[in-house]
Visitor: 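Below is a structure I'd like to ask you about.
Sequence lines set the chain letters: A, B, ... in the order given, protein chains first and strands last, and positions in each chain run from 1.
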Amino acid sequence: MALHLYDTATRDVREFRPARGATASMYVCGATVQGIPHIGHVRGALNYDVLRRWLLHNGLDVLMVRNVTDIDDKILAKAADAGRPWWEWAATHERAFEDAYTALGCLPPSIAPRATGHVTQMIELMQRLIDAGHAYAAGGDVYFSVTSFDDYGVLSGQRLDEMQQGETQAEGKRDPRDFTLWKSSKPGEPSWPTPWGEGRPGWHLECSAMATTYLGPEFDIHGGGVDLVFPHHENERAQSRAAGDGFARFWLHNAWVTLSGEKMSKSLGNVVAIPEMVRRYRAVELRYYLIQPHYRSTIEYSDAALSEAAQGYRRIEQFLRRVSGASGEVRAGKVAAEFAAALDDDLGTPQAFAVLHNTVRDGNAALDGGDAAKSVELAETVRAMTEVLGLDPLSERWAERAGTESQALADLVDGMLAARQRARAERDFATADIIRDQLTNAGIAVEDTPNGPLWTVRD
RNA sequence: GGCGGAGUGGCCGAGUGGUUCAGGCAAGGGCCUGCAAAGCCCUGUACACGGGUUCGAUUCCCGUCUCCGCCUCCA
């Protein structure tokens, strides 16, 4: 089965075929860099990272654009409150997002364009829309005329006549539901020159301009959080298609991370910030937790659920360690067919994880049964699958080989374990247990295996 | 008011018109172990509520209740 994806615009699951042969193009709505990233922000990025890895795994070249909205009302307001330049405020938080994505193992995008760097392209797009009669300038602002575009509302399933009041009323608007492409600047605000006056970008315009700049007038996938369906994506789609571009062929939307049943947002104060999470948990375990549920299902965040997920991850990690401890290096093999089928079915990560765990169980059983060859084969499959999910415990990214970081620690522990083995051989279990307790107290877990003791650093 | 999502076993979280089960975590029993740990095996008999369709529904239809999101900035 080939990859099938759910498209918000058509509300069905369709086969995905890249428009341009072996290259898939993705545009993902990144952050408005006004604050510190929380796990909700990162969840979406992780979902699209898994999709990207799956496309790569299937031999496609993937062009991925993840934008940075570095100018908007909130950035200006917050920077002003903090008494800092708006551009510094934006740059600071852009780095915080970048760090969060990296910490959780997201592959870097092909490019992360900033809105402020693409004003030229925005002006061009506005001009095309005005020329085509879909937009108009009024008092330095530029608006998109929603009634001029028949398809308006198709993406979000809204009917124009049922829509409640649109953006804030402005005098120049011909219809209250028209949305702003460009807003004139007030004195003291940052601004850029345009044929219609000094001003700054409206929110929606940048994505259309940047997506088509880098990916062309038509591209494969446009992703973002469900809250962006309306108005953001509806408006993007309207302005681009009205301008004559094909724009996104598939619209993907990831669900929320909620806390106590509510959407996570700064105004509610129920935010779980990434920098703190990464201090408290292993990033790979947080990643595991966030990508296991289906991307269109809401995750109700809880510490308990995260801890459970961490246990699940450690089971996989442990298996790979057991096999490499017994048989040496484990390479990445081929993913299981059922795993591929699961991901091909609209990125069915829950089923994919089930396959992963079943493979781990079989591999453990093979190991227990003395079938080393089979255990290695299954471990190689496990590695391949975890690699697609960005969770490979043996990858350079996530491997926690204390020995490579500290030869001194490794020598010390190995020495103690050798002493313990001698004590055990002499059936001096009291001494053996004292040594093990010492290690345990130092945060080092010891496991005896037929091939000798294995140790790992906990926490 | 309009549009959309969700209610599954102790917990997380999939899925399907029908005897065989998602998967994980936790629990109990067993095997293994000097003891542990890890691992393996076994156990739990779930699908919000009320109707209907059906030989048979958790899965389809209708209704009810509850929760959540979007319609204003938002991942």
Visitor: Under a 3.5 Å limit for both distances, which nucleotide forms a Watson-Crick or G-U wobble pair with B:U19, could you say?
Guide: none

Visitor: For B:A14, what is the paired nucleotide under Watson-Crick or G-U wobble rules, both distances under 3.5 Å?
Guide: none

Visitor: If you measure from the P atom in B:U64 to the same atom in B:A46, how many Å do you get, rounded?
Guide: 28 Å

Visitor: Write down the distance separating the P atoms in B:U8 and B:C60, rounded off to the nearest Å.
Guide: 16 Å

Visitor: Both distances under 3.5 Å, Watson-Crick or G-U wobble: report the partner of B:G50, or none.
Guide: B:C62

Visitor: If you check every side-chain atom of A:R11, which of B:C35, B:G4, B:U72 has the closest atom?
Guide: B:G4

Visitor: In terms of side-chain heavy atoms of A:E308, which of B:G24, B:G34, B:A14 is nearest?
Guide: B:G24

Visitor: If you measure from the C1' atom in B:G17 to the same atom in B:U54, how many Å do you get, rounded?
Guide: 9 Å

Visitor: Can you list the steps and then say if A:R420 with A:D448 is a salt bridge (charged side-chain N to carboxylate O under 4.0 Å, His left out)?
Guide: CA-CA 11 Å; A:R420 176 166 171 270; A:D448 295 317; 2.9 Å; yes

Visitor: Consider the side chain of A:R361, meaning its heavy atoms from C-beta on, and name the nucleotide among B:A75, B:G24, B:C35 that approaches it most closely.
Guide: B:G24

Visitor: Of A:T449 and A:Y6, whose nearest nucleotide on RNA chain B comes first from the 5' end?
Guide: A:Y6

Visitor: What is the distance, rounded to the nearest whole Å, between atom CZ of A:R315 and atom P of B:C40?
Guide: 4 Å

Visitor: Which class fits the ring pair A:H204 and A:H232: parallel under 30°, tilted 30 to 60°, perpendicular over 60°?
Guide: tilted

Visitor: Using purine N1 to pyrimidine N3 plus N6-O4 or O6-N4 for Watson-Crick, or N1-O2 and O6-N3 for G-U wobble, each under 3.5 Å, what pairs with B:C40?
Guide: B:G30

Visitor: Please determine, for B:C73, whether a Watson-Crick or G-U wobble partner exists with both distances under 3.5 Å, and give it or none.
Guide: none

Visitor: Are A:N254 and B:A75 close enough that a side-chain N or O sits under 4.0 Å from OP1 or OP2?
Guide: no

Visitor: What is the separation between atom OH on A:Y289 and atom C1' on B:C25, rounded to the nearest whole Å?
Guide: 13 Å

Visitor: For A:G157 and A:V257, take the nucleotide of RNA chain B holding the closest heavy atom to each; which residue's nucleotide lies nearer the 5' end?
Guide: A:G157

Visitor: Parallel, tilted or perpendicular: which fits the ring planes of A:F179 and A:F144, with parallel below 30° and perpendicular above 60°?
Guide: parallel

Visitor: Relative to each other, are the rings of A:Y288 and A:H357 parallel, tilted or perpendicular (30° and 60° limits)?
Guide: perpendicular

Visitor: Is there a salt bridge (charged side-chain N to carboxylate O under 4.0 Å, His left out) between A:R314 and A:E285? Walk through the geometry before answering.
Guide: CA-CA 8 Å; A:R314 286 174 201 167; A:E285 291 170 359; 2.9 Å; yes

Visitor: What nucleotide, of B:C35, B:G24, B:A38, holds the atom closest to the side chain of A:R322?
Guide: B:A38

Visitor: Which listed nucleotide (B:A36, B:C25, B:U72) is nearest to the side chain of A:Q311?
Guide: B:C25

Visitor: Given the P atoms of B:A36 and B:G30, what is the spacing between them in whole Å?
Guide: 12 Å

Visitor: Under a 3.5 Å cut-off for both distances, is B:C67 Watson-Crick or wobble paired, and to whom?
Guide: B:G5

